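What you are looking at is a predicted structure, and each value in this text was computed from that prediction instead of being measured. One-based numbering, in listed order, for ligands and for the atoms of each.
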Amino acid sequence: IKIKITKIDIPVAFGSAFEGEIIRKGDMQVEFDGSRVDCCELVQTKELAEVEDHHFELIGKDFDEFEVGSKHSIAYVVEVAGKNMQPDFEPVFERKFHNYVNCIEGVMHTGQRDMIRVRISKDAFNAGFRAKDLAEVLYARIKSEFDAVVDKCQVKIYTNDEDCTKIRHELAIPAFDKRDERIGNMTDESVGVYYSCIMCQAFSPSHVCVVTPERLGLCGAVSWLDAKATNELDPAGPCQVITKEKVIDERIGEYEDVNEAVRKFSQGALQDVSLYSIMEKPMTSCGCFECICGIEPFSNGVCIANREYAGMTPLGMTFPELASMTGGGVQTPGFMGHGKQFISSKKFMKAEGGIERIVWMPKELKDQVAEKLNATAKELYGIDNFTDMIGDETIAEDPETLVAFLTEKGHPALSMDPMM
Ligand code: SF4
Ligand code: ZN
């Protein structure tokens with residue numbers, strides 16, 4: 001028997017009116033921040049017998065056991081089962097959490113996967129909002145929006161550090177990696193259509209991601225396959241089919257049909273975008289980017305910083321400083337937000353020469369992407385161990401030291417044309 005949820009039983013209001021609500025530090029009761037401690041959100045498909053519908057479990061402390069204004073780990077795992085459920089739908093549900101949680105009055109959610117940040121306001125807390133209410137929202141929304149495929153749903157919320165670390169590293173990251181692998185060697189040329197995604201318009205009203213096999217959404221959580229599944233589950237939803245038949249400029253990846261779609265979905269705020277250029281008509285960014293790439297004029301290259309990186313970049317800016325000038329749904333030539341997977345893509349700023357332009361990224365990020373990035377560099381330019389030529393914070397945090405290092409390594413960007 002399926003139960004269709006209409007009203008959500010929580011002590012605060014719920015609705016899209018609260019979606020873009022910002023909660024300032026001073027107004028927050030408690031915060032969960034995945035860029036500093038282990039956090040994640042995850043949907044898992046289970047057998048029908050393994051799921052007790054509407055079951056909720058809290059493993060760890062509840063919100064009233066935390067000090068006012070403190071930061072903690074959180075992991076919420078939503079287990080679903082259904083005759084028509086497919087694991088391909090997991091990322092689709094999961095990406096909707098951003099929207100669901102933001103619709104709660106007095107709760108703010110940013111990010112995705114294991115880079116989430118959730119803030120609970122003092123007002124919501126004082127009204128009685130606790131972990132079970134967060135679970136209730138996830139349960140109720142999943143059951144109502146995806147009732148065609150979800151018969152049963154249960155939610156587990158973990159708030160102790162040890163469990164969160166375990167869930168993140170042993171359950172979530174392997175699941176994310178597996179999903180990322182599915183896109184495999186699909187190319188933009190091998191598909192007939194791309195997809196738009198406007199899930200982030202609550203915070204960035206004019207922002208549209210154009211998702212292609214070789215360029216995933218900048219949040220890193222919406223691949224072309226995920227966008228396709230989103231569209232199949234909800235044909236009138238956030239991901240729409242975009243044809244790509246009318247090429248304007250192959251070099252920068254500009255299409256008349258893509259432009260038309262972007263104009264429509266941005267309500268006219270955006271006129272034209274390219275898929276493969278950071279300088280000419282670049283795609284916009286909301287605030288969810290896993291990474292930001294910005295031009296570094298002294299080396300003719302680009303530096304990339306990821307959200308977890310807390311230090312300085314050779315651009316003289318930290319990640320939050322870069323984010324403040326890149327986000328908001330406006331085109332900012334020279335800067336772009338992007339997913340981690342995009343770094344090893346053959347389409348990564350292809351118009352400006354591609355990944356050969358990458359001169360710096362934080363060491364941890366470099367290690368994460370090394371295998372694939374090196375494979376792409378080898379294939380495109382015949383360079384072995386390309387990441388050895390790329391600087392990081394242990395080598396340089398200023399442009400002079402960086403250029404000296406790049407010169408010593410013979411980095412290809414130094415002999416390329418200036419980008420501006
Ligand atoms: Fe969609 Fe882009 Fe937002 Fe990701 S960042 S949810 S792809 S609009
Ligand atoms: Zn976003």
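- Applying the salt bridge (charged side-chain N to carboxylate O under 4.0 Å, His left out) test to residues at least two apart or on different chains, the pairs with a partner in residues 229-246 are K228-E232, K246-E260.
- Of the possible polar contacts, one joining the Q201 side chain to the H207 backbone as a donor-acceptor pair under 3.5 Å is found.
- Using modelled atom types, one finds a donor on one side chain and an acceptor on the other under 3.5 Å when comparing D392 with T394.
- One N or O on the side chain of D133 and one on the backbone of R130 form a donor-acceptor pair closer than 3.5 Å.
- The distance cut-off of 2.8 Å around the Zn ion (ligand 2) captures these protein N, O or S atoms, sorted by chain and number: C200 SG, C286 SG, C288 SG.
- Excluding waters, the protein N/O/S atoms found under 2.8 Å from atom 3 (Fe) of ligand 1 are C200 SG.
- You'll find the ring centres of F146 and F93 inside the 6.0 Å limit.
- At a threshold of 4.0 Å, the pair K363-E393 does not count as salt-bridged, since none of the basic side-chain nitrogens sits closer than that to a carboxylate oxygen.
- Between F56 and Y76, the distance separating the two ring centers is not shorter than 6.0 angstrom.
- Using the six-membered ring where Trp is involved, Y194 and Y255 have ring planes that are perpendicular, over 60° apart on the 30 and 60° scheme.
- Take D38 and apply the side-chain hydrogen bond (donor to acceptor under 3.5 Å, both in side chains) test, not counting sequence neighbours, and it matches T165, R168, H169.
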